[in-house]
Structure formats: structure tokens, C-alpha cells
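Right, one structure below, let's go through it.
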Amino acid sequence: MSSRIADKKLAGSDGDKKEGGGGADDEEDPEVAEARREADEKRNAKYAKMERQREEVRQNIREKYNIKKKEEPLPPVPAPCEGRLTADKKGPIPLPDDDDSFDPIKMATDAFNNITEKLPFKLPWK
């Protein structure tokens, strides 16, 4: 069968489409769909069983070494906002209108002086 698919691919035809172009080719056979669903259920049951076994082993380890299971904290519930579904958005910080009051050098030196005053030691250049 694989050689037939390989031959079709080499010949340039599409191996998935059947000759004749019928529109019902896209639908899956009910027996195949049922078999696929059963296989999915078996696989999911198998993984659920494995996870239960893992959890039992984890619990035994927790009991042996007196480890408490971490409980994930619930996210804080935001206060209901009236008229809005989302939280308030913060906009850009408004700058003063007059250019005289905004002096970046003065702001930087003030911030530096505030920090140096809080240090438990004196700087050599002060």
C-alpha cells in the first residue's frame, strides 16, 4: 500500500483525493469515527489512571517527609466597576505646561541628594 502512495506522489497526483471528485469524500465512515472515538476514550482513561497513580506516589512522599501540599492561591477578585468591563487604564504622566518648571538636571540632582541623605555613610565627595 505504501508503494502505491509513493507511486502516486511520484506521478504527481494527490494521494489523498480519490478519482471522480465526489463531494462525499470529506465525510468519515461512521465505523471509523466510532473506532477513533473509542481509541481516544481508552487513551484518555489510560492517562487519567497514570495521573492518579502519580498523585498517590506524590502523596506517599508528602506523608513520609511531612511536606504540605502547595495550594495555589486564588487570584484576587477585583472590585466591581460600574459601567466598565475592564480596569482603568493609566495614561502617560502629564508634564507641566511651562518649560521653566521642568528641569531634568535639577530633578536628577534632587533625586541623587535624597538618596545620598538616606545612606548610613558619607560619600567622600560630600
Let me confirm one number: the OG1-CZ distance from Thr116 to Phe121, rounded to the nearest 0.5 Å. 10.0 Å

Between Asp40 and Arg43, does at least one N-O distance fall below 4.0 Å, as a salt bridge requires? yes

Give a yes or no on whether Ile105 atom CD1 has more than 12 heavy-atom contacts from other residues, nucleotides or ligands under 6.0 Å away. no

Run the numbers on Gln59 and Arg62 for side-chain contact (heavy atoms from CB on, under 4.5 Å), then give the verdict. CA-CA 5 Å; Gln59 186 61 36; Arg62 284 187 209 109; 2.8 Å; yes

Would you call Glu41-Arg36 a salt bridge at under 4.0 Å N-O? no

Would you please name every residue forming a side chain to side chain contact (heavy atoms under 4.5 Å, CB included) with Lys49, sequence neighbours left out? Arg52, Gln53

Would a single hydrophobic cluster contain both Met107 and Ile115, if residues Ile, Leu, Val, Met, Phe, Trp and Tyr are joined by side-chain heavy-atom contacts under 4.5 Å? no

Does the distance from a Lys or Arg side-chain N to an Asp or Glu carboxylate O, for Glu51 and Arg58, drop under 4.0 Å? yes

To the nearest 0.5 Å, what is the distance between NZ (Lys106) and CG (Asn113)? 11.0 Å

When hydrophobic residues are tied together by side-chain contacts of less than 4.5 Å, even through go-betweens, does Met50 share a cluster with Val57? no

